Each structure stands twice: as C-alpha cells, then as structure tokens.
Amino acid sequence: MALLTVACGVIAYLLAGGFIEWIFASMRESTIRSQLGHIQIVKPGYMDKGIADPYNFLLPANSSELQNIERTPDIVNVAQRLAFSGLLSHGDATISFIGEGIEPERESVISDQIHIRTGKNLEKSDEKSVLLGEGLAKNLGVSAGDMAVLLVTAANGTPNAIEVKVSGTFFTAAKEFDDTALRLPIDLARKLMRVQSATSWVLLLNNTEKTAQATNQLRQTLSSKNFEVIPWTDLADFYNKTVILFGKQVNLMKLIIAVIIILTISNTQTMSVLERTTEIGTIMATGSRRSEILRMFIIEGVLIGAIGGLIGVALGYGVAETLSIIGIPMPPPPGMDTGFTAAITVTTNLALDALLLALVTTLIASIMPAWKASRMNVVDALRCNQ
C-alpha cells in the first residue's frame, strides 16, 4: 500500500506537470512563430517610444550588419518588418489598426503558426493585398476578396492612403493581436509610409534553447549605440505571466501530494514499528545500537520512496505517451472559437523532480517512526505481545 501510494502520487504529479509542460511548449512556440520570432533587433529605445513614433527609430534597409546576421550560425532566417498604425476603411465603417509590413517569402518560415482562416496568405512582396486578423475583419465587416482603404500618416507628416484587396484573414493564439493586427507586403508599406527602411529585424533560430546564446553573441557583435538585441522572452509578457501562474499551481499540487505521501508513509512506518516491537527488542538485546535501528527504518522508508517513485515514473510516462497518442480534446480558450488537441510532455527534469519528491517525502515520513523504534526500552519491547 505504501508503494502504491507513492506511485500514484508520482503518476498524478507527472500527468498534471506534463500537461502544463505541453501548454508551456505549445504557447512558447506559438508566440515565437506567430508574432515575435526568437530575437528582434531594433534601434535603442524603440520598444519604449518607437510604437508611437516609428519614424525616428528606423533601421537601414540594406546594411553590412544585416548581411552578417544572415550568415551567423544557428540563425535560420532573418526578416525585416515595418511597424505602423492607422485607420482601415470599408464602406462606411472605419476602424484603427496596428500593421506590419513584412517580407512574405521570409515570413512564411518565421510565422508558420499564423493560421489562415479564410482566403490565402500573402505570397509576394509586390502584391497589392492585405492580410487581416480575424477579429479586425469581423469588426470591419470584410471578407477575403473585398477592397479596403488604408490611411496612415507618412514620414513627412502628411496623410497617405492606398486601396488594397483583402487576401484573407488569420488567427493566432492571442485574440488581442487578431483583433487589431493586419499585414501587408513591406514594399507596399514602405510606399504607404514613404520610407525605405524597417523598424525591426526578426530572427528565427534552429532551436529555441539557443536563444540566450545567440542573443549574447549578437550583443557582442553589434554596436549597442545603433542596435538593441531583444530576445523573445523580454517581449512575451502574457507568456511570462502564464508561466508564473501555472508554476505556482504546480508547486501547490506538489505540496498536496507531498503531504499525502508523508502522512501515508508515516502511518505505514508507525504500524510497521508496532508490529515488529518484539523483533526490535531482540535485535537491541543482541547488541545492536540504537543508531543502527534508526538507520534500518530510514533506509526502509527511502527504499519505499525509490521503488515507488521508479514505478510511478515508468507508469506515468506510459500513461502520458498513451494519452498523447490518443489526444486530449480541449475546448476553445476564453475569447476564441477554435479548440485544440492537447498532449502530455514528460521531460527529464520533470521525471527527476517527481522521483526526488518521492524520495524526500518518504525520508521525512520515516524519521519519526524510526526515532520511536530506536528509543524503545529493550525489556518492554521483549515483553510485547506476551
């Protein structure tokens, strides 16, 4: 029963923790591959002031730094983006937007988790089309194939407008982004804003784990006076807050499981001591020290934790893999109308954490019963059950 208790606690921790790990990984990659990329390079101060005044924070359109970045190892792709804002009109309806001029050929690699709801994605840099966020399109009342007018304030301070065709609508994991965002080819955006530059260079790496290393390398290579290198972790505010929230929930769950294991193992060990009182007295009468009795019961508890933990990890991993193959259907998140199929990811760190949880809790639970066993009076222990 003690082994079963430990194993079930480990299985529960692995399944819950593995589900949250999958959520983290899915949200991380979705954030990177739909909006932010792994690294963004901008002018210093752009993130604080550039959204309201992008014309004072423009990067050069063609430069030796950009060419050197493209040749850097571990960087899969580099795309230029031109951020701007303005008004979008269709018929009598007008709504504000936040736009990005993009390189469609490069963005197809970087933003591969922007999902097309209707119509088609942007394909060429010279096409006169716009891709709208799903919420923005609904609020404006347009669909793929309709014509719309973009109105912005150009770099020289004068208003500028252009009529474009809606190529399609898209959705991502962030509803707030979909409600305000649109994309159009960067050549068209430059013509609209009367500039020949970009506000950011977006980098995609071959592995998310290499973000910190690549960021440090670029910061050493590029001048800090002219360029600011920002990893995606500094930009993903919603993701960071979600990780903190779920992390606290996992810690609370770990505490609850630990308390259950400690109470169960402590009770089991106490009953074991009572049942073996005569044997304990006999061992002590033959010359065994109290420290040896203490050590025997603690080792017994640790072995229960180790064996139960290993069984729990093995079974938990098997259950997690089975559920992942079958798929866990999930309802749409708040504000979204599209559900998803979840999985459970049991990482090495999570498995080690579960095993450590089993060992530590059983060790703590064994201390008091072991202490009581070692403190027994030899004569009273030998007379037990007589």
Side-chain angles (χ1 to χ4, degrees), residues 13-42 47 72 74-79 81 100 102 106-116 133 170-178 181 183 200-219 229-251 253-254 320-321 323-324 327-336 338-354:
Y13 178 69
L14 284 179
L15 294 180
F19 177 73
I20 293 177
E21 283 288 339
W22 183 88
I23 292 290
F24 286 168
S26 179
M27 184 182 298
R28 178 178 64 244
E29 294 304 315
S30 177
T31 301
I32 291 170
R33 293 180 174 272
S34 64
Q35 299 180 47
L36 303 179
H38 286 108
I39 300 172
Q40 291 194 20
I41 299 176
V42 298
M47 292 300 172
T72 302
D74 299 327
I75 295 180
V76 176
N77 210 337
V78 181
R81 289 182 185 174
E100 283 182 330
I102 63 169
R106 293 178 178 267
E107 286 288 345
S108 63
V109 178
I110 294 178
S111 304
D112 59 359
Q113 291 200 23
I114 283 187
H115 307 288
I116 303 300
F170 69 87
F171 68 96
T172 65
K175 183 178 183 298
E176 296 80 4
F177 179 71
D178 302 343
R183 287 184 157 191
S200 63
W201 297 337
V202 182
L203 284 58
L204 183 70
L205 305 178
N206 56 13
N207 191 333
T208 302
E209 302 299 328
K210 297 180 180 178
T211 301
Q213 177 184 346
T215 300
N216 294 331
Q217 182 179 352
L218 289 170
R219 285 174 176 171
V229 182
I230 306 175
W232 70 271
T233 50
D234 292 352
L235 302 173
D237 184 62
F238 178 77
Y239 171 82
N240 293 331
K241 291 179 179 179
T242 301
V243 169
I244 294 173
L245 175 63
F246 281 10
K248 291 181 179 179
Q249 294 178 353
V250 170
N251 289 334
M253 178 186 63
K254 185 191 297 185
E321 288 296 304
L323 291 176
S324 298
I328 306 172
M330 300 295 295
M336 303 291 288
T338 303
F340 61 95
T341 302
I344 299 176
T345 302
V346 178
T347 63
T348 302
N349 289 337
L350 184 63
L352 292 176
D353 196 25

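In this text the structure is predicted, and so the values were computed from the model without any measurement.
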Any side-chain heavy atom of [X] sitting closer than 4.5 Å to one from [Y]?
{"X": "Val76", "Y": "Leu203", "value": "no"}
{"X": "Trp201", "Y": "Val42", "value": "no"}
{"X": "His38", "Y": "Lys210", "value": "no"}
{"X": "Arg106", "Y": "Arg81", "value": "no"}
{"X": "Met27", "Y": "Phe238", "value": "yes"}

Could you grab the distance from atom [atom1] of [X] to atom [atom2] of [Y], nearest 0.5 Å is fine?
{"X": "Asp237", "Y": "Lys241", "atom1": "CG", "atom2": "NZ", "answer": "4.0 Å"}
{"X": "Leu323", "Y": "Leu15", "atom1": "CG", "atom2": "CG", "answer": "6.5 Å"}
{"X": "Ile39", "Y": "Arg219", "atom1": "CD1", "atom2": "CZ", "answer": "8.5 Å"}
{"X": "Ile20", "Y": "Thr345", "atom1": "CD1", "atom2": "OG1", "answer": "12.0 Å"}
{"X": "Arg28", "Y": "Glu21", "atom1": "CZ", "atom2": "CD", "answer": "8.0 Å"}

Residues Thr208 and Glu29: side-chain donor-acceptor under 3.5 angstrom: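 Distance-only check passes for Thr208 and Glu29.
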Work out which heavy atom in [X] is nearest to a heavy atom in [Y]; give both atom names and the distance.
{"X": "Leu350", "Y": "Gly17", "value": "CD2-C, 3.6 Å"}
{"X": "Thr211", "Y": "Leu205", "value": "CA-CD1, 3.6 Å"}
{"X": "Gly327", "Y": "Thr341", "value": "CA-CG2, 3.6 Å"}
{"X": "Phe19", "Y": "Ala342", "value": "CE1-CB, 3.6 Å"}
{"X": "Thr31", "Y": "Ala236", "value": "CG2-CB, 3.9 Å"}
{"X": "Ala351", "Y": "Leu14", "value": "CA-CD2, 4.0 Å"}

Kindly say whether [Y] contributes a backbone atom to a donor-acceptor pair with the side chain of [X] at under 3.5 angstrom?
{"X": "Asn240", "Y": "Thr233", "result": "yes"}
{"X": "Asp353", "Y": "Asn349", "result": "no"}
{"X": "Asp234", "Y": "Ile230", "result": "no"}

Mutual orientation of the aromatic rings belonging to Phe177 and Phe170 [parallel < 30°, tilted 30-60°, perpendicular > 60°]: tilted
